[in-house]
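Only one structure is covered here, and it is reproduced in the block below.
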Amino acid sequence: MSQKPQQPVLSGAVDPYESPYIRRNPDGSVNRIMSFPTTVATPDADSPSPVLSKDILLNPNHATFLRIFIPRRAISSSSSSPSSSNLPLIVYFHGGGFVLLSASSSINHDFCSEMANQIPAVVVSVQYRLAPEARLPAAYDDAVEALRWLKATDEKWIREFSDVSRCYLVGTSAGGNMAYHVGLRLAAAVDEFGPMKIKGVILHHPFFSGSQRTESEVRLAINPTLPLSGSDLMWELALPEGADRDHEYCNPTVTHDWRTRFDEIGRLGWEILLAACDGDPMVDRQMELVKMLRSRGIKTVEHVGEGHHGMDLVDLSRAGPLFNLMRGFVCPSCGDFQSSSKF
């Protein structure tokens, strides 16, 4: 039996259990010791916000919900001059290593609000179950449940203002991982989701790993934004019990029987946009995924810019170039989209 190559020693590695965010208890549960600011939804049309939002309960047994965002001008223009040209629908999955944050966390709320305003689009942010209380594939299951709800709902903001036949799966970090895996699931059951039609998938700094370290993981192992030890801890808490980082949920190059699903994605004509940055430890892993997707005939565009993991989310003032890319991908007539540009 062949042995895996010896892993490099990471000098100065950060102890993940000294994280300011998580403490693990002896029974395997965790305490989330840092609270993140939250923002309530703003459904009142009389509020001054340029984007309105509302929460919809998805599954009371799992405490999952959807936060829907819609540009105010879409409602105003519809009431003054009804149009059959509805906005594209973006289903968004937030980040946090599958362990932290929620759809109501202020950084996620603000990001989705600005996304809805800038593209423009109706954005549905999914609050899914977190690990380790609910390990993968629970988050993927919740995402699919959300999509089933969207394709059947009579909710006014979805039916009157969004075009479910122009649906895009979008995710940041762990949410990018979700958009990828949920896309694979939907490709295998596309007929079950009509009239909803997935047109593309946007992976924003997607969260992947593997047992064998890449060059970028070694080079950026102790970066302050996402130290490799912290990433490893997230995977330890999120993956099924007993799984290592070469599990298919974590390592996208381990495809098992999913190659037929890639073929189906190609047949359906879905496009994939992967937005990465050079300061992200996962950038090499992300480029491996791009190479693999292209080898399966899937139209895939990558954009690698300067910065660190999640920078557009943490600092919205830096998100303009990302939203421009997304606008061109989702709505080509709304802006230029060039497949070889960088931020």
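- Panel note: side chain Asn223, backbone Leu220; a donor-acceptor pair is recorded below 3.5 Å.
- Considering CE of Met292 and CE of Met287, their distance stands at 12.5 Å, rounded to 0.5 Å.
- Formation of a donor-acceptor pair under 3.5 Å by the Arg296 side chain with backbone atoms of Gly266 is not found in this model.
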Q. Does the pair Phe329 and His303 meet the rule for a ring-ring contact (aromatic ring centres under 6.0 Å, His included), with working shown?
A. CA-CA 12 Å; Phe329 187 78; His303 295 263; 9.0 Å; no

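- Applying the 6.0 Å contact sphere to NZ of Lys151 captures more than 12 heavy atoms from other residues, nucleotides or ligands.
- Listed by chain and number, the residues in a side chain to side chain donor-acceptor pair (under 3.5 Å) with Arg219 are Glu215 (sequence neighbours excluded).
- Applying the ring-ring contact (aromatic ring centres under 6.0 Å, His included) rule to Phe207 yields the partners Trp235; only residues at least two apart in sequence or on another chain are considered.
- Without hydrogens or angle criteria, Ser173 side chain to Gly175 main chain gives no donor-acceptor distance under 3.5 Å.
- At a threshold of 4.0 Å, the pair Glu192-Arg148 counts as salt-bridged, since one of the basic side-chain nitrogens sits closer than that to a carboxylate oxygen.
- For the pair Lys54 and Trp157, the cation-pi criterion (under 6.0 Å, within 45° of the ring axis) is fulfilled.
- Residues in residues 274-294 take part in no ring pair (Phe, Tyr, Trp, His ring centres under 6.0 Å) pair, two or more places apart or across chains.
- Pairing each heavy atom of Ala276 with each of Gln286, the nearest pair is CB-OE1, 3.2 Å.
- Here CD1 of Ile56 is found 11.0 Å from CZ of Phe65. Values are rounded to the nearest 0.5 Å.
- Looking only at side-chain heavy atoms (C-beta outward), Ile75 and Phe161 come within less than 4.5 Å of each other.
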Q: Applying side-chain contact (heavy atoms from CB on, under 4.5 Å), run through Leu87 and Ser162 and close with a yes or a no.
A: CA-CA 5 Å; Leu87 296 175; Ser162 78; 5.5 Å; no

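- Under a 3.5 Å cut-off, the side chain of Asn177 and the backbone N or O of Pro206 do not form any donor-acceptor pair.
- Between Val301 and Glu271 the shortest side-chain heavy-atom distance does not fall below 4.5 Å.
- Arg129 meets the side-chain contact (heavy atoms from CB on, under 4.5 Å) test with His62, Thr64, Ala134, Ala138, Asp141, Asp142; sequence neighbours excluded.
- The shortest non-hydrogen separation linking Leu100 to His94 is O-CE1, 3.8 Å.
- To the nearest 0.5 Å, atoms OG (Ser113) and CG (Asn108) are separated by 12.0 Å.
- In this structure, OG1 on Thr172 lies 10.0 Å from CG on Leu203, to the nearest 0.5 angstrom.
- Smallest separation of non-hydrogen atoms from Gly171 and Ala179: N-CB, 4.1 Å.
- Taking the six-membered ring for Trp and thresholds of 30 and 60 degrees, Phe111 and His204 have nearly parallel ring planes, at less than 30 degrees apart.
- Residues meeting the side chain to side chain donor-acceptor pair (under 3.5 Å) test with Ser125, sequence neighbours left out: none.
- Put simply, the side chain of Val164 does not reach to within 4.5 Å of the side chain of Leu150, judged on heavy atoms.
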Q | Test side-chain contact (heavy atoms from CB on, under 4.5 Å) applied to Arg67 and Val124, step by step | A | CA-CA 6 Å; Arg67 179 162 291 189; Val124 178; over 6 Å; no

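- Residues Cys250 and Phe208 are not in side-chain contact: their nearest non-hydrogen atoms beyond the backbone lie 4.5 Å or more apart.
- Residues Asp232 and Arg245 have side chains in contact (heavy-atom distance under 4.5 Å, counting atoms from C-beta outward).
- Across all their heavy atoms, Gly307 and Arg318 have their closest contact at CA-NH2, 4.0 Å.
- Heavy-atom minimum distance, Asp163 versus Asn86: N-CB, 3.7 Å.
- Remark: Arg32 engages Glu133 in a salt bridge, criterion side-chain N to carboxylate O under 4.0 Å.
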(Q) Please determine whether side-chain contact (heavy atoms from CB on, under 4.5 Å) holds for the pair Met282 and Leu226, giving the CA-CA distance in whole Å, both sets of side-chain angles, and the decisive distance to 0.1 Å. (A) CA-CA 10 Å; Met282 290 172 283; Leu226 185 65; 3.4 Å; yes

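- Taking all atoms of both residues into account, the shortest heavy-atom contact from Gly310 to His205 is N-ND1, 2.8 Å.
- Interatomic distance, Ile198 CD1 to Leu186 CG, rounded to the nearest 0.5 Å: 5.5 Å.
- Although no hydrogens or angles enter the test, the distance criterion places no donor-acceptor pair under 3.5 Å between the side chain of Arg213 and the main chain of Val218.
- Counted within 6.0 Å of NZ on Lys197, heavy atoms from surrounding residues, nucleotides or ligands total 12 or fewer; the atom is thus considered open.
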Solution key, residues 33-45 side-chain donor-acceptor pairs under 3.5 Å, sequence neighbours excluded:
from: Thr39; atom 1: OG1; to: Ser106; atom 2: OG; distance (Å): 2.8
from: Thr42; atom 1: OG1; to: Ser53; atom 2: OG; distance (Å): 3.3
from: Asp44; atom 1: OD1; to: Asp46; atom 2: N; distance (Å): 2.9

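- Atoms CD and CG, on Glu302 and Leu293 in that order, are 11.0 Å from each other to the nearest 0.5 Å.
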Q: List the steps and the verdict of side-chain contact (heavy atoms from CB on, under 4.5 Å) for Ile202 and Val330.
A: CA-CA 9 Å; Ile202 299 177; Val330 171; 4.1 Å; yes

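- Ile70 places none of its side-chain heavy atoms less than 4.5 Å from the side chain of Val51.
- Exactly one of Tyr180, Tyr249, Phe93 qualifies for a ring pair (Phe, Tyr, Trp, His ring centres under 6.0 Å) with Tyr140. That residue is Tyr249.
- Counting only distance, with no hydrogens or angles, the side chain of Ser102 and the backbone of Ser104 share a donor-acceptor pair below 3.5 Å.
- Between the side chains of Tyr128 and Asn59, no donor-acceptor pair is found at a separation under 3.5 Å.
- The main-chain N or O of Ile298 is found under 3.5 Å from a side-chain atom of Thr300 such that the two form a donor-acceptor pair.
- A salt bridge links Glu264 to Arg267: at least one charged side-chain nitrogen sits closer than 4.0 Å to a carboxylate oxygen.
- Contact check for Arg166 versus Leu89: no side-chain heavy atoms found under the 4.5 Å cut-off.
- Side-chain atoms of Leu289 and Leu274, non-hydrogen and from C-beta on, do get closer than 4.5 Å to each other.
- Leu101 and Val314 are assigned to two separate hydrophobic clusters, defined by single-linkage of ILVMFWY side chains at heavy-atom distances under 4.5 Å.
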